[in-house]
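Everything on this sheet refers to the single structure shown next.
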Amino acid sequence: MFKRHRRLRKNKQMRALVRENHLHVEDFIYPIFVTEGENIKKEVPSMTGVYNFSLDCLNEEIAELEQLGIVSIILFGIPAEKDVCGTGAFEDNGIIQKATRQIKRNFPNMIVIADTCLCEYTSTGHCGVCDEHGRVLNDESLQYHAKTAVSQAKAGADIIAPSSMMDGFVETIREVLDEAGFEEIPIMSYAVKYASAFYGPFRDAADGAPQFGDRKSYQMDPANRLEAFREAASDVEEGADFLIVKPALSYLDIIRDVRNEFDLPIVAYNVSGEYAMIKAACQNGWLDEKAVVTEKLLSMKRAGCDLIITYHAKDVAKWLKEEQ
């Protein structure tokens, strides 16, 4: 006799009863771009609904997130000036440091994650310092990432998120945080970060595109799977507290691999290009936005992630409230 699997799908209530994965507003980390200047709330052309905010416009955005129940944000900064070593990343009065102090002063319960990298601050647009031939120097760059992490922790960041994919960045940052008295600050490592074509809109938002070459010498080849194990294992050994897989949608198999191998919280980064293409299709009436976004984010939870960095967070939070 054949099995009647449809017994568990026969109505909305039965499907809800046996649902294996769920989206909760606490799962979401919302990216925010902060910029120097005044009275700036500028929409990113390639990312409908995503803005660059000056500090005087930032509180309103954070207040909306808090009202929606979103408890975690990740900050990206656009400085007024750039230089070869990305000084703006680690200045005590840098844009991320100022934004962090402001947010923690006005919204003390909001978890502030600081993206710890140089690409938005270097005149080259690369994630580390370069030699005269344009090669990104790994070990020489680590000192600047370490200084950035400490300055962000001093400003009040709750979590440090190094994203440069420099070898040894977790170990170096863990050591300097501990030495500076920030041993309780966790590291959310961009452990598995691919050299993806889906980052284009982010580079518009953060003004962080490389001025020459590309990032393939330090970000992973999209063709590789086993390399992800090596990268994640190194970061776990060096002291990471969270592991990010970036991008998410085209790398669900990697999320599952990392989930099966490690017991740390896994973070899926639903990147800008994944967001932009769905927004564009929905604006053209080709897709049902709520249905498609919900399905996409559920696929990431099903693959094994615990948290999702996503530009869809505000929309999904509103949909979840409507369903209550």
Side-chain angles (χ1 to χ4, degrees), residues 29 31 74 76 113 115-120 122 124-130 134-142 145 160-174 187-203 206 208-210 212-262 264-277 299-300 303-310:
I29 299 167
I74 184 166
F76 301 93
I113 304 165
D115 180 79
T116 306
C117 196
L118 303 181
C119 58
E120 293 132 46
T122 56
T124 65
H126 278 286
C127 300
V129 294
C130 299
R135 293 175 297 196
V136 177
L137 304 174
N138 190 95
D139 295 10
E140 292 82 351
S141 298
L142 292 177
H145 291 99
I160 298 300
S163 60
S164 69
M165 290 294 285
M166 296 293 116
D167 293 333
F169 66 167
V170 172
E171 180 177 312
T172 301
I173 288 171
R174 183 73 275 159
I187 294 176
M188 181 181 286
S189 174
Y190 286 69
V192 180
K193 183 177 180 181
Y194 285 89
S196 172
F198 285 100
Y199 299 154
F202 175 91
R203 292 171 183 173
F212 55 83
D214 54 41
R215 295 176 179 154
K216 293 179 181 179
S217 69
Y218 46 101
Q219 294 178 1
M220 290 172 52
D221 186 337
N224 290 358
R225 172 175 173 260
L226 297 180
E227 185 180 3
F229 290 96
R230 300 196 295 273
E231 288 283 356
S234 293
D235 288 3
V236 171
E237 183 179 345
E238 293 174 16
D241 300 283
F242 303 78
L243 301 174
I244 297 175
V245 177
K246 180 182 181 183
L249 192 58
S250 292
Y251 299 87
L252 296 176
D253 59 321
I254 306 301
I255 294 173
R256 172 47 58 186
D257 285 340
V258 174
R259 168 77 291 154
N260 289 344
E261 189 74 12
F262 304 101
L264 294 179
I266 307 301
V267 185
Y269 198 139
N270 177 207
V271 300
S272 59
E274 297 168 348
Y275 172 87
M277 65 184 185
S299 76
M300 298 170 196
C305 76
D306 302 286
L307 302 168
I308 305 173
I309 301 172
T310 180

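Residue numbers count from 1 along this sequence. Quick caveat, the model's predicted, so the values are computed rather than measured.
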Nearest heavy atoms of [X] and [Y], plus distance in Å:
X: Val136; Y: Cys130; answer: CG2-SG, 3.9 Å
X: Phe76; Y: Pro31; answer: CE1-CB, 3.9 Å
X: Val170; Y: Ala240; answer: CG1-N, 3.6 Å
X: Gly128; Y: Leu118; answer: CA-CD1, 4.0 Å
X: Tyr194; Y: Ala228; answer: OH-CB, 3.9 Å
X: Ala232; Y: Val192; answer: CB-CG2, 4.2 Å

Legend entry - Qualifying salt bridge (Lys or Arg N to Asp or Glu O under 4.0 Å) pairs, either residue in residues 160-174, two or more places apart: Arg174-Asp178, Arg174-Asp241
State the [atom1]-[atom2] distance between [X] and [Y], to the nearest 0.5 angstrom.
X: Met166; Y: Thr172; atom1: CE; atom2: OG1; answer: 11.5 Å
X: Phe198; Y: Tyr269; atom1: CZ; atom2: OH; answer: 14.5 Å
X: Asp306; Y: Met300; atom1: CG; atom2: CE; answer: 14.0 Å
X: Thr116; Y: Ile173; atom1: OG1; atom2: CD1; answer: 5.5 Å
X: Phe242; Y: Ile29; atom1: CZ; atom2: CD1; answer: 7.5 Å

Legend entry - Set of side chain to side chain donor-acceptor pair (under 3.5 Å) partners for Asn270, sequence neighbours left out: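 Asn270: side chain to side chain donor-acceptor pair (under 3.5 Å) contacts with Glu274, Lys296, Thr310.
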Inset, instruction - Give a yes or no answer on whether the side chain of His145 reaches the backbone of Cys127 with a donor-acceptor pair at less than 3.5 Å. - result: yes
Inset, instruction - Please confirm whether the backbone N or O of Leu264 pairs with a side-chain atom of Arg259, one donor and one acceptor, at under 3.5 Å? - result: yes
Inset, instruction - Tell me, please, which residues at least two apart from Ser163 pass side-chain contact (heavy atoms from CB on, under 4.5 Å). - result: Asp115, Cys117, Tyr190, Lys193
Inset, instruction - For the residue pair Phe169 and Ser189, establish whether any side-chain heavy-atom pair is separated by less than 4.5 Å. - result: yes
Residues 243-256, side-chain donor-acceptor partners within the protein, below 3.5 Å, at least two apart:
| residue | atom | partner | partner atom | Å |
| --- | --- | --- | --- | --- |
| Arg256 | NE | Ala303 | O | 2.9 |
| Arg256 | NH1 | Asn260 | OD1 | 3.0 |
| Arg256 | NH2 | Arg302 | O | 3.0 |
| Arg256 | NH2 | Ala303 | O | 3.1 |

Inset, instruction - Keeping to residues at least two apart or across chains, list the side chain to side chain donor-acceptor pair (under 3.5 Å) pairs with something in residues 222-234. - result: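 Sorted result for residues 222-234: Asn224-Glu227, Arg225-Asp257.
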